[in-house]
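Taking it in order: structure first as structure tokens, then the write-up.
Here, residue 1 is the first one in the sequence, and each next residue gets the next number.
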Amino acid sequence: MDADVLIAGGGPVGLYLAAALLQEGVTVKVFEQRQARNPHSRAIGVHPPALEALAGIQVASSMVREGVRIRAGMAVSGGKTVGTMAFDAVSGDFPFVLALPQFRTEQLLEDRVRALDPAALVRGATVAGVRDDGGEVAVAVERAGATQHNGSATAALLVAADGARSQLRGALGVAVVRKSYPDHYLMGDFDDGTDYGDRAVLFLEPEGIVESFPLPGGVRRWVVRLARPAAPAAGPAELAEMVHRRTGFRLDPATNSMLSAFSVRSTIARRTVAGRAVLLGDAAHEISPIGGQGMNLGWLDARDLVPVVCAALSGKPTGRRLREFEESRRRAAVLARRQAEMNMMLGRPLPQPLLRIRTAALGAAAAVPAVNQWAAMRFTMQ
């Protein structure tokens, strides 16, 4: 066999799993179709439970040094602060949500994997097919570049961490449950001209929510809810105009460093274990980006999978543990989906009278310490 475990997908989840398994003496091969990382900041929020898992592979400290520690969030409506939420008590070691661009997170994870095994990550390689004979799993590997040849690889186990549009999920015959939502967003990163510092801010306005999060280097991300999918030509100037109209803040379009539009759906696989293959991360459960749970959920999947893989490779019976893993991670995905749905509902536009009622209710809830603390725990995935 080429490795104990083959991992399809070298994003944050696949790289974390590779590092965690390599630390346990498990040989891995990670196939990633991208030749290089995407330099745009996509997922940025890292929650306390994920930081605890990342500490286990000796990456969390570097991430914390580079990232912005968001220790509090606040809700604003009509220029007035409605409520605040502190994260001081959500974790003893990591009492904050860390904001760090995904490309830096991936770089730090890749550095850790290469430190453990320089040959573990193979870029420009796509896992295009799979065969499971019950004793081992074999995959077809398509290599990019005219001078390279396609091939195959074998292992005891296969992990599909190849994203929300997972090809392997279909190849394994795994059905999914999909759900679409009437929520569309345009987001971008701009130089920070606010005085909010390291706080996250939610602007609850009649046209819909505007979210704002600090990033390293004096940059701030702005996310605006739209009534319909963003036009293909939508650019930084359009986003800046919407932010100004709803919040009063003026962004400089010339400082824009990332722009992205997305519409929301959720996808949850009906099963995550298929013979000698396991689905992880977005391949198993695509969750709305609002709330920043998806990447974190994938890391927690991988954390829980590692001891099961080690037990299986050592010859121990793992049928019951795999079923428990599958059930617990599905429950976690369903809970994360519900939280995302609540976050999106909070941000939908309302007529002014109903908005005032919702805003007043939010402010009253935030003023109750027990409710505030419960909400902070839920928001940070504790």
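More than 12 heavy atoms of other residues, nucleotides or ligands sit less than 6.0 Å from atom CZ of Arg245.
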Item to check | Criterion side-chain hydrogen bond (donor to acceptor under 3.5 Å, both in side chains) on Ser91 and Asp93, from CA distance to verdict | outcome: CA-CA 6 Å; Ser91 168; Asp93 295 327; 5.6 Å; no

Next on the checklist: Run the ring-ring contact (aromatic ring centres under 6.0 Å, His included) test on Tyr185 and Phe262 for me, step by step, so that the C-alpha distance in whole Å, both residues' side-chain angles and the decisive distance to 0.1 Å come before the verdict.
Outcome noted: CA-CA 5 Å; Tyr185 299 88; Phe262 60 94; 5.2 Å; yes

Next on the checklist: Working note: Leu215 + Leu100, criterion side-chain contact (heavy atoms from CB on, under 4.5 Å); need CA distance, chi angles, decisive distance, verdict.
Outcome noted: CA-CA 6 Å; Leu215 285 168; Leu100 184 67; over 6 Å; no

Checklist entry - Could you walk me through whether Leu98 and Ile44 pass the side-chain contact (heavy atoms from CB on, under 4.5 Å) check? => result CA-CA 8 Å; Leu98 186 72; Ile44 60 171; over 6 Å; no

Item to check | side-chain hydrogen bond (donor to acceptor under 3.5 Å, both in side chains) between His47 and Thr380, worked out | outcome: CA-CA 5 Å; His47 294 284; Thr380 56; 5.5 Å; no

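Between the side chain of Ser288 and the backbone N or O of Ile290, at least one donor-acceptor pair lies under 3.5 Å. Between the side chain of Asn296 and the main chain of Gly292, a donor-acceptor pair closer than 3.5 Å is present. When atom types are taken as modelled, the side chain of Asp162 and the backbone of Gly9 share no donor-acceptor pair closer than 3.5 angstrom. For the pair Arg330 (side chain) and Ala269 (backbone), a donor-acceptor distance under 3.5 Å is present. Checked by atom type and distance alone, the side chain of Arg276 never pairs as donor or acceptor with a backbone atom of Leu157 at under 3.5 Å. Within the 3.5 Å criterion, the main-chain N or O of Pro349 finds no donor-acceptor partner in the side chain of Glu207. Although no hydrogens or angles enter the test, the distance criterion places no donor-acceptor pair under 3.5 Å between the side chain of Ser152 and the main chain of Ala140. In this structure a side-chain-to-backbone donor-acceptor pair under 3.5 Å is missing from Glu24 to Val26. Side chain of Glu136 to backbone of Ala155: no donor-acceptor contact under 3.5 angstrom is found. Under a 3.5 Å cut-off, the side chain of Thr247 and the backbone N or O of Val243 do form a donor-acceptor pair.
Screening Arg42, Arg220, Arg221 for a salt bridge (Lys or Arg N to Asp or Glu O under 4.0 Å) involving Asp189 leaves a single residue, Arg221.
Shortest non-hydrogen contact noted between Ala161 and Val13 is CB-CG1, 4.5 Å. The heavy-atom pair separating Val30 from Gly10 by the smallest distance is CG1-CA, 3.8 Å. Nearest approach of Leu313 to Ala156, heavy atoms of both residues: CD2-CB, 3.7 Å. In plain terms, the two heavy atoms of Ala312 and Thr318 that are nearest each other are N-CG2, 3.5 Å. When all heavy atoms of Val127 and Gln167 are compared, the pair lying nearest together is O-OE1, 4.5 Å. Taking all atoms of both residues into account, the shortest heavy-atom contact from Arg348 to Pro182 is NH2-CD, 3.9 Å.
Counting heavy atoms from C-beta outward, Val130 and Leu172 have side chains that approach closer than 4.5 Å. A 4.5 Å side-chain heavy-atom check between Lys316 and Cys310 finds every atom pair outside the cut-off. For the pair Glu205/Val210, no side-chain contact is recorded, criterion being any heavy-atom separation below 4.5 Å from C-beta on. Side-chain contact between Phe94 and Leu54 is absent, with no heavy-atom pair separated by less than 4.5 Å. Taking 4.5 Å as the limit, some side-chain heavy atom of Val64 sits within range of a side-chain heavy atom of Phe96. Residues Phe103 and Asn38 form no side-chain contact, since every pair of their non-hydrogen atoms from C-beta on lies 4.5 Å or further apart. Put simply, the side chain of Gln23 reaches to within 4.5 Å of the side chain of Leu116, judged on heavy atoms. Counting heavy atoms from C-beta outward, Lys179 and Arg265 have side chains that stay 4.5 Å or more apart.
For the residue pair Arg331 / Ser328, no side-chain donor-acceptor distance below 3.5 Å is found, with atom types taken as modelled.
Classification of Arg71 and Asp88 as a salt-bridged pair fails, no side-chain N sitting under 4.0 Å from a carboxylate O. A salt bridge does not link Arg337 with Glu286: none of the charged nitrogens is closer than 4.0 Å to a carboxylate oxygen.
Under the 4.5 Å side-chain heavy-atom criterion for Ile, Leu, Val, Met, Phe, Trp and Tyr, Val141 and Val137 are members of the same hydrophobic cluster. Residue Ile57 is grouped with residue Leu108 when hydrophobic side chains (ILVMFWY) are merged at heavy-atom distances under 4.5 angstrom, including chains of intermediate members. In the hydrophobic clustering of this structure, Leu204 does not group with Met85; members are Ile, Leu, Val, Met, Phe, Trp, Tyr whose side-chain heavy atoms approach within less than 4.5 Å, directly or through other members. The cluster map of Ile, Leu, Val, Met, Phe, Trp and Tyr, joined by side-chain heavy atoms under 4.5 Å apart, puts Val278 and Val306 in the same cluster. No continuous path of hydrophobic side-chain contacts links Phe213 to Val46 [ILVMFWY only; heavy atoms under 4.5 Å].
Residues Val371 make up the rest of the hydrophobic cluster containing Val368, defined by ILVMFWY side-chain heavy atoms closer than 4.5 Å, directly or through other members.
To the nearest 0.5 angstrom, Gln373 atom CD is 9.5 Å from Gln382 atom CD. For the atom pair CG of Leu109 and CG of Leu15, the computed distance is 5.5 Å after rounding to the nearest 0.5 Å. Atom CG of Leu322 is separated from atom CD of Glu327 by 11.0 Å, given to the nearest 0.5 angstrom. Atom CH2 in Trp222 sits 4.5 Å away from atom CZ in Phe203 (nearest 0.5 Å). The distance from atom CD of Glu326 to atom CZ of Arg323, rounded to the nearest 0.5 Å, is 9.5 Å. Once rounded to the nearest 0.5 Å, the distance linking CD of Glu324 with CZ of Arg329 reads 13.5 Å.
Taking the ring centroids of Phe249 and Phe190, they lie at or beyond the 6.0 Å cut-off.
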